[in-house]
Structures are given as structure tokens and as C-alpha cells.
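When reading the values below, keep in mind they use all heavy atoms of this one structure, side chains included, and skip hydrogens, waters and symmetry mates.
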Amino acid sequence: MGSLVHVKEAVIVTPSDPTPTRLLSLSALDSQLFLRFTIEYLLVYKPPNPTGLDPRATVARVKAALAKALVPYYPLAGRVRAKPDGGLEVVCRGQGVLFIEAVSDHEANELERAPRFVTQWRKLLSVHVADVLKGAPPLIVQLTWLKDGNAALGVGFNHCLCDGIGSAEFLNSFAELASVTSQTKLAEFKFKPKPVWDRHLLNPPPFHPSRNCNNYNSPNHHPEFNRVPDLCGFLSRFSNERLVPTSFIFNKASLDELKKVAFSTSRAGESSYTSFEFLSAHIWRSWARALNLPSNQTLKLLFSINVRDRVKPSLPSGFYGNAFVLGCAQTSVKDLTERGLGYAAMLVKRAKERVDSEFVISVVESVSRSRASPDSVGVLILSQWSRLGLEKVDFGLAKPVNVGPICCDRYCLLLPVFNQTDAVKAMVAVPTSAAQRYEHLVRSLSS
């Protein structure tokens with residue numbers, strides 16, 4: 001049984017001031033086939049004084065702040081559609097976004113644990129957009145009052161319009177506006193950073209071979225877009241087996257232990273690893289070992305790499321479009337499971353190091369000219385929400401005590417942990433047959 005949620009109100013919120021009527025083209029990176037879905041966040045709040053909270057006044061504040069935020073972020077109030085050339089554009093006429101107020105029989109503490117099944121919290125964002133190009137609002141916000149007086153905020157963004165960093169910047173500005181107590185301060189509010197469109201900056205240059213064109217566009221240089229053989233019914237297993245959500249918190253002591261293991265199993269000359277490199281490697285190895293795949297199956301770990309400061313010149317502050325490419329660590333099951341954590345961490349590190357301005361240009365060219373897109377065979381996708389700033393989104397209800405997805409799915413998410421800046425929560429859903437072993441392995445830090 002899913003969550004019992006009753007919708008009290010569902011309204012369209014439009015920008016509070018007039019906004020431009022125009023067509024805006026999305027970039028080649030925005031228009032990628034694999035981004036045509038909704039990013040769905042779930043933020044859980046425990047206000048310091050829930051009994052003294054006026055829900056009606058809070059809803060009015062949040063709706064007014066949303067309308068105000070949509071003025072500089074007016075493309076979020078438009079509608080995304082396909083262009084004849086295969087790219088995407090936004091029709092901006094101030095159509096508005098969807099705001100929902102709801103009540104639920106759940107309590108905040110329940111939402112801090114992994115759900116029992118993938119879609120248990122689905123109704124905390126009641127409208128699920130299956131096709132983001134069919135005229136749905138690109139932004140949906142649902143404020144749900146919980147049984148214990150606390151609150152949950154579900155937010156859905158059309159991924160074609162913004163990436164994780166861009167969506168988090170919007171949410172923080174929106175939340176800050178909702179916390180403003182006087183009309184004077186509201187009128188004087190300055191967006192930091194000021195939102196920047198400039199999607200043309202991530203479009204392909206006029207076609208000519210770039211300086212490493214042959215190298216950068218070779219299959220070996222873009223393994224994220226290569227197809228690999230499915231030797232074990234990988235795709236059918238993930239579609240046919242029930243997926244079990246898992247959640248595990250790595251505190252500072254756990255991360256320090258993993259770092260030691262990574263160095264002890266590294267080859268000479270590897271000087272350092274970031275916490276992302278050895279933690280993602282540990283999760284990847286645990287996942288692979290739990291699935292018990294054939295030793296010759298090729299596996300990939302795909303993860304987003306922010307390119308705002310990797311391209312030349314750097315993208316402007318406030319650019320909220322998709323400004324990431326996929327890093328790809330690739331190896332066989334045999335090597336990943338037998339060669340130790342240091343080997344896997346090295347693969348992640350090398351994948352990050354490959355990404356420079358020329359690499360980004362070659363990705364832009366690949367996705368715009370050949371519609372290159374990642375495959376799912378042997379793939380674990382990992383996304384780092386712990387560095388987006390979602391843990392700071394305060395609507396006047398205090399900072400969220402939990403940040404996570406609406407649905408815990410097969411994609412692994414690294415999440416912030418409330419009041420533990422050195423800790424990370426890893427959430428991923430795995431097939432039932434592998435769930436118990438995965439949970440054992442991901443907790444075992446010594447191998």
C-alpha cells in the first residue's frame with residue numbers, strides 16, 4: 001500500500017509580473033534523449049514550532065514566492081516542445097507552473113528511512129509527468145502537511161530545462177523569497193546568483209574537425225555512448241524483478257576507513273582519491289558483486305561531471321541549464337570484483353580527468369549530430385545530490401531534515417545527511433535476489 005495523500009488544492013501559479021513572450025531554444029546538451037524526464041526531489045521539514053504554524057499563511061507565502069521567482073526564471077513557466085530538427089525549445093507565454101497542497105497520514109520520521117518499495121512516496125508529488133514534451137508544466141511543486149504537524153515538499157523539474165545545480169539554485173532563491181517577511185524586502189530581493197539563460201554556449205560549433213577530433217570522437221573516447229553485449233539478461237532482470245530500495249549512511253569514520261582500503265589496494269604512484277572517487281567505487285563494486293554477474297560481462301559506472309568551469313571560457317554564474325557530461329568508468333565484472341577498491345577508484349578518477357573543454361565539445365557534437373545516448377546494459381548510474389545545496393533549502397520551516405528522491409529507483413543517489421556535513425547517504429534500488437547481499441557488502445568496508 002502506498003502513502004495516503006489527499007489533495008486539497010491544485011492550481012496554476014503564473015509569474016507575478018509580465019514576462020517576455022518568445023521561443024527559446026534549448027542547447028544540444030539540454031535536448032539529449034536521456035534527459036527527457038522529470039527530476040523529482042522530496043524534502044522533509046520539521047518546523048521548530050509546528051503547533052504554532054499557520055498552514056494557510058504558509059501556503060500563501062510559498063505561492064507568492066513561487067510567482068515572484070518565476071519572473072527571472074520565466075522559462076520554467078513555459079512549455080517544452082520538440083523542433084523539426086530534433087532539438088527542443090521552450091514556448092514562453094507565462095503559462096505557469098502547477099502548485100499542489102495536500103495532507104497525508106504519514107509522519108516525518110517515516111520519510112527519513114528507505115521506502116519499502118520504489119513508489120511508496122509517489123503521491124507526495126501527485127502528478128507524475130510521463131512525457132515531458134506533451135505540454136505539461138516544466139515545474140510542479142507539492143506541499144504536503146504530515147500527520148505529526150511536519151511537512152514534505154515534493155518538486156518535479158523537467159530535466160531538459162535545468163540540471164541538478166540549476167534546479168537547486170532556483171529552489172534556494174524560491175525558498176529565500178518565501179522566508180521574506182515584509183513587502184519592502186520582497187520588492188528589493190536580489191537573486192543570487194542571477195539566473196542566466198545563454199543556452200547557445202553549449203551548442204555545437206560550426207562543423208570543422210577540432211584539434212583532437214579523431215581521438216575525441218572515437219568509440220574508445222566515449223564509452224558512455226557505446227553498446228556492450230548483454231551476456232546475462234541484465235535488462236530483463238531489472239525490468240522483471242521487484243526492486244528493493246536500500247539506504248546506507250557513510251559517516252566520517254566509514255569514509256576514512258574506505259579511504260585507507262582504497263590506498264592499500266592501489267598500485268604505486270596513485271597519490272590521492274577524493275571521497276567521491278572511493279565511495280562511488282565501493283558502491284559500484286558492492287552492486288556488481290551482489291548481482292553475481294558473469295565474469296566477462298562489461299560494466300559501466302556513469303556519473304555526471306559539472307563542466308561549468310571545465311569549458312573555456314567558463315560558463316557564467318547563474319547558468320541553470322544542463323551543464324554536465326557523463327563520466328564513464330568501464331571494466332569487466334572479473335576485474336571490478338577481484339582487483340580491489342583502489343583499482344575501481346582509479347577508474348573513476350581517470351574518467352573525471354578525461355573531461356576537458358575539447359571533450360565537452362566532442363560530446364556536444366555527438367549528441368547533436370548523431371543523437372548519441374547511453375545504453376542501459378551493465379550500467380549503474382550514480383548522481384551526487386549531496387553537493388547541490390538542497391540541504392539549505394529553507395522556506396521558513398527550517399532546513400530540511402531529509403533530502404531524497406520521490407521514488408528510490410535503480411539509479412544510485414548520494415544524498416546529504418542532516419547536521420552531518422562529513423556524512424553521505426547512498427540510496428539505490430536493487431533486484432530482490434541481490435538486495436540482502438548488496439546491503440551486507442556495502443556495509444563491509446574492509447574488502
Answer yes or no: is there a side-chain heavy-atom contact under 4.5 Å between Tyr41 and Leu388?
yes
Would you say that Gln142 contacts Val5 through its side chain, given a criterion of any heavy-atom pair below 4.5 Å between the two side chains?
yes
To the closest 0.5 Å, what do you measure between OG (Ser167) and CH2 (Trp385)?
8.5 Å
Distance-only donor-acceptor pairs under 3.5 Å for side chains of residues 398-415, two or more places apart:
residue: Asn402; atom: OD1; partner: Lys425; partner atom: NZ; Å: 3.0
residue: Asn402; atom: ND2; partner: Leu111; partner atom: O; Å: 3.1
residue: Arg410; atom: NH2; partner: Val379; partner atom: O; Å: 3.2

Mind checking whether Phe170 and Phe174 have parallel, tilted or perpendicular rings, split at 30° and 60°?
tilted
Where do Lys352 and Ile305 land on the side chain to side chain contact (heavy atoms under 4.5 Å, CB included) test, with the steps shown first?
CA-CA 7 Å; Lys352 289 168 60 180; Ile305 298 177; 4.1 Å; yes
So Glu439 and Ser286, do their side chains get closer than 4.5 Å, heavy atoms only?
no
Measuring only between side-chain heavy atoms, which start at C-beta, is Asn172 closer than 4.5 Å to Lys392?
yes
Classify the ring geometry of Phe250 against Phe248: parallel below 30°, tilted from 30° to 60°, perpendicular beyond 60°.
perpendicular
Could you go through residues 71-81 and list every donor-acceptor pair under 3.5 Å that involves a side-chain atom there, pairing it with any protein atom two or more places apart or in another chain?
residue: Tyr74; atom: OH; partner: Arg22; partner atom: NH1; Å: 3.0
residue: Arg79; atom: NE; partner: Gly135; partner atom: O; Å: 3.3
residue: Arg79; atom: NH1; partner: Ala77; partner atom: O; Å: 3.4
residue: Arg79; atom: NH1; partner: Gly96; partner atom: O; Å: 2.8
residue: Arg79; atom: NH2; partner: Gly96; partner atom: O; Å: 3.2
residue: Arg81; atom: NE; partner: Glu89; partner atom: OE2; Å: 2.7
residue: Arg81; atom: NH2; partner: Glu89; partner atom: OE2; Å: 3.0

Side chains of Tyr320 and Trp197: does their closest heavy-atom pair fall under 4.5 Å?
yes
First locate atom CG of Asp422, then atom CG of Leu255, and finally report the distance between them rounded to the nearest 0.5 Å.
8.0 Å
Nearest 0.5 Å, what's the CG-NZ distance between Leu143 and Lys63?
10.5 Å
Taking all non-hydrogen atoms of both residues, which atom of Ser357 and which atom of Lys312 are closest, and how far apart?
OG-N, 3.1 Å
Determine the minimum heavy-atom distance between Ser368 and Val364, stating which atoms define it.
OG-O, 2.8 Å
Please step through side chain to side chain contact (heavy atoms under 4.5 Å, CB included) for the pair Lys300 and Asn226, ending with a clear verdict.
CA-CA 10 Å; Lys300 300 179 191 177; Asn226 288 350; 4.1 Å; yes
What one should report as the nearest heavy-atom pair of Pro431 and Glu241 is CB-OE1, 3.4 Å
Between Cys160 and Leu88, what is the shortest heavy-atom contact and its length?
SG-CD1, 3.6 Å
Mind checking whether Pro195 and Glu169 have side chains closer than 4.5 Å, heavy atoms only?
no
Hey, is Glu112 close enough to Lys46 for a salt bridge, meaning N to O under 4.0 Å?
yes
Do Arg237 and Ser433 have side-chain heavy atoms sitting under 4.5 Å apart?
yes
Nearest heavy-atom contact between Ser25 and Arg199 is O-CB, 3.7 Å
Correct closest heavy-atom pair for Ser27 and Asn203 would be CA-OD1, 3.3 Å
Look at Lys8 together with Glu101 and state whether they make a salt bridge at an N to O cut-off of under 4.0 Å.
yes
Give the ring-plane orientation class for Tyr45 versus Phe395, where under 30° counts as parallel, over 60° as perpendicular and anything between as tilted.
perpendicular
Basic-acidic side-chain contact under 4.0 Å: Arg122, Glu40:
yes
Mind checking whether Val363 and Glu224 have side chains closer than 4.5 Å, heavy atoms only?
yes
Does any donor atom in the side chain of His222 or Ser362 lie under 3.5 Å from an acceptor atom in the other side chain?
yes
